[in-house]
Amino acid sequence: MCKNINMEEGFIRLIERSIRDNWDLNALTDFNGVTLQYKGLARKIEKIHILFQSSGIERGDRIAVCGRNSVNWCVSFLATVTYGAVIVPILHDFKADNIHNIVNHSGSRLFFVADQVWENLNEESMPDLEGIVSLNDSRIIFSRSGRLNGAFDHLNELFGKEYPFKFLPESISYQSEDPEDVAIINYTSGTTGFSKGVMLPYRSILSNILQCREKIGLKAGDDVVSILPLGHVFGMTVDFLYGITHGVHLWFLSRSPSPRLIMEMFPLIKPKVIACVPLVLEKIIKKNILPRVDNKIGRLLLRLPIINDKIKEYARHEAMSAFGGNFYEIIIGGAPFNEDVEKFLKLIGFPYTVAYGMTECGPLITISREEEYMTRSCGKAAPGMQLKVDSSNPHEISGELMCKGPNLMLGYYKNPEETAKIIDSDGWLRTGDMVTMDAHGNVFIKGRCKNMLLGTSGQNIYPEEIESKINSLPVVNESLVIMKDGKLVALIYPDYSMITSGDGVVKEAERLQIIEDSLKDVNSSLPSYSQISRVVIWGEEFEKTAKKSIKRYLYQNVNV
């Protein structure tokens, strides 16, 4: 485990020390695939450094990487940042034209890409790339550089010349970074349809790692399953970079982390810490845990504190077992929590930490452990971060949350105009989230500034708050509230398993009536100006970003 770390030590030194201290421990595993120990990781990093040097790659050059979470994804990332080049992680589920644009906009010289992503791409659409390398088997897919070809052909020979006897922990010597140098250009998935390149300096990465260390507390040898996409900064930082700098063993699943897959594999891996978006946790709790206790007797007993301890204990045991039974907390971030699930988890004493942030902060803005967490909030300021609310009365009147601290980005790559819009002259970043903040510093998100709707009498309506209540209904999988002709319309993707009859057949009109009846309770809890006037059944899941936020812009002008 890395000890006595501080901002002066630096991010690169932290990686270097972790590799040396944990030389014989497992570092990275593809489930049912390859496992690298820290010493194997170091060898692969060194070979890529030799490849870069022989190919003419220089410090500050951009190297892109795109693919599902994997051992080779992490090797490519670590080799790039420890060389002093800039890594450009790209989400594997981006469309081909967006990937082409990011590679071109970033000016990337090399591109590490998974075969499943590459089959939809075209090298002619990325004319400035010098080479494309497969993440699956490290072969050259495409090259415009003779130096790159030569380096690949003689890589083992070059490594042998550099280390003729043995590659040892003391062989590792990476160049230190300037804290203000760019380490990562992370293109936002966003809900607006446009990607911006967020320039994260080494300072931001290190401060986020230190914040995780203070609030989470992983140690060398701990098992961690990486289910958040590493191309998104939340998973990249909380799982990968924090983990690898503290000697943990990172596992990568072979498929998308569905609730079913999690319940199959987590009992085998038994992770110590799990980071996920609320949607994953909510699905497992609602589909697999609540049905076992949420019958009429169970609901009654859960309200009677004298005789409900056994049911609570049973529910907690089942919930813990679903995630492997060996973890000491789940870190929730990336989206608001479902209110009913949150109350249930509090009731049974399920351990979780809530975090909130954005790519522009690499990502942490707030983070609170269970013992200090206030229900319905997104926690308090992360260590070292300053928060303020742009409101005359932030306790009661929502305003835009602003933050300042070592986490902040340098700006948007090649886009000073957009940078000036989000960071003011005093260094305060505008998050775009409307919040209130209580006297103790707990932040309560109302919704995105850009999503706020105006009622007929000028009232501020936050659709996310309404959607949270709608999503609590058993018959609803997810919802989206839009404004049509001055009235609120709820697009609802139902939970069809909850609204089918014995023979599995329910007419559309009957289905709509069931949902509308369920919605009456929601409307009764809302002020008149934010009540739903009409329901539209949506036949499929809404399209989402990597952090599972609905791409709202796709649905604002739908014909309903």
Gap between atom [atom2] of [Y] and atom [atom1] of [X] - 0.5 Å precision:
X: Ile216; Y: Tyr328; atom1: CD1; atom2: OH; value: 7.5 Å
X: Glu342; Y: Ile332; atom1: CD; atom2: CD1; value: 10.0 Å
X: His249; Y: Ile244; atom1: NE2; atom2: CD1; value: 9.5 Å
X: Lys346; Y: Arg376; atom1: NZ; atom2: CZ; value: 12.5 Å
X: Phe234; Y: Phe240; atom1: CZ; atom2: CZ; value: 16.0 Å
X: Leu480; Y: Gln556; atom1: CG; atom2: CD; value: 6.5 Å

Could you tell me whether the side chain of [X] and the main chain of [Y] form a donor-acceptor pair under 3.5 Å?
X: Ser468; Y: Glu465; value: no
X: Glu400; Y: Gly432; value: yes
X: Asp495; Y: Val475; value: no
X: Asn22; Y: Gly221; value: no
X: Glu372; Y: Arg369; value: yes
X: Ser18; Y: Leu14; value: no
X: Ser518; Y: Ile514; value: yes
X: Ser530; Y: Leu526; value: no
X: Asn451; Y: Pro463; value: no

Could you tell me if the side chain of [Y] sits less than 4.5 Å from the side chain of [X], heavy atoms only?
X: Leu121; Y: Ile99; value: yes
X: Val65; Y: Val88; value: no
X: Lys544; Y: Glu478; value: yes
X: Phe444; Y: Ser398; value: no
X: Lys215; Y: Thr353; value: no
X: Tyr187; Y: Pro89; value: no
X: Arg448; Y: Arg552; value: no
X: Val481; Y: Ile470; value: yes

Heavy atoms of other groups near Asn120 CG, more than 12 under 6.0 Å: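 Counting neighbours around CG of Asn120, more than 12 heavy atoms of other residues, nucleotides or ligands fall under 6.0 Å, so yes.
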More than 12 heavy atoms from other groups under 6.0 Å of NZ on Lys380: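 Counting other residues, nucleotides and ligands, NZ of Lys380 exceeds 12 neighbours.
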Matching residue for Thr366 among Val354, Leu387, Asn442 - test: side chain to side chain contact (heavy atoms under 4.5 Å, CB included):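 With Thr366 as partner, side chain to side chain contact (heavy atoms under 4.5 Å, CB included) holds for just one option, Leu387.
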Side chain to side chain contact (heavy atoms under 4.5 Å, CB included) partner of Leu453, the single match among Leu488, Ile482, Asn460: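 That would be Leu488; it is the only one of Leu488, Ile482, Asn460 passing the side chain to side chain contact (heavy atoms under 4.5 Å, CB included) with Leu453.
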Do any side-chain atoms of residues 263-279 form donor-acceptor pairs under 3.5 angstrom with protein atoms, and if so which ones, sequence neighbours left out?
| from | atom 1 | to | atom 2 | distance (Å) |
| --- | --- | --- | --- | --- |
| Glu264 | OE2 | Arg260 | NE | 3.4 |
| Lys270 | NZ | Pro267 | O | 3.4 |

On a heavy-atom basis, which atom in [X] and which in [Y] lie closest, and how many Å separate them?
X: Leu250; Y: Ser226; result: CD2-CB, 4.4 Å
X: Val558; Y: Lys484; result: O-NZ, 2.9 Å
X: Cys66; Y: His92; result: SG-CA, 3.7 Å
X: Arg534; Y: Ile532; result: O-CG2, 3.2 Å
X: Val280; Y: Ile262; result: CG1-CD1, 3.3 Å
X: Gln211; Y: Pro383; result: NE2-O, 2.7 Å

Set of residues satisfying ring pair (Phe, Tyr, Trp, His ring centres under 6.0 Å) with respect to Tyr242, sequence neighbours excluded: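 Counting only residues at least two positions away or on another chain, Tyr242 forms a ring pair (Phe, Tyr, Trp, His ring centres under 6.0 Å) with His246.
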Which residues share a ring pair (Phe, Tyr, Trp, His ring centres under 6.0 Å) with Tyr555, sequence neighbours left out: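 Counting only residues at least two positions away or on another chain, Tyr555 forms a ring pair (Phe, Tyr, Trp, His ring centres under 6.0 Å) with Trp538, Phe542.
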Trace of the side-chain hydrogen bond (donor to acceptor under 3.5 Å, both in side chains) decision for Ser207 with Asn407: CA-CA 6 Å; Ser207 62; Asn407 289 13; 2.6 Å; yes
Residues in side-chain hydrogen bond (donor to acceptor under 3.5 Å, both in side chains) contact with Asp137, at least two apart in sequence or another chain: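 Checked Asp137 against side-chain hydrogen bond (donor to acceptor under 3.5 Å, both in side chains); matches are Ser134, Arg139.
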Audit row: Leu429, Met358, side chain to side chain contact (heavy atoms under 4.5 Å, CB included) steps and yes/no: CA-CA 11 Å; Leu429 181 141; Met358 57 193 298; 3.6 Å; yes
Is it true that the side chains of [X] and [Y] contain a donor and an acceptor less than 3.5 Å apart?
X: Asn208; Y: Thr237; answer: no
X: Glu541; Y: Asn477; answer: no
X: Asp433; Y: Tyr356; answer: yes
X: Asn471; Y: Ser479; answer: yes

Salt bridge (Lys or Arg N to Asp or Glu O under 4.0 Å) pairs, two or more places apart, involving residues 516-527: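 Found Asp517-Lys520.
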Sequence neighbours excluded, every pair satisfying salt bridge (Lys or Arg N to Asp or Glu O under 4.0 Å) that has a member inside residues 347-365: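 Listed by first then second residue: nothing to list.
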Pair Leu364-Cys212, side chain to side chain contact (heavy atoms under 4.5 Å, CB included): steps then yes or no: CA-CA 9 Å; Leu364 293 177; Cys212 289; 3.9 Å; yes
Candidate pair Leu36 and Lys44, rule side chain to side chain contact (heavy atoms under 4.5 Å, CB included), full reasoning: CA-CA 9 Å; Leu36 278 186; Lys44 283 186 171 288; 3.6 Å; yes
Step-by-step side chain to side chain contact (heavy atoms under 4.5 Å, CB included) determination, Ile461 to Ile466: CA-CA 9 Å; Ile461 301 171; Ile466 305 171; 3.8 Å; yes
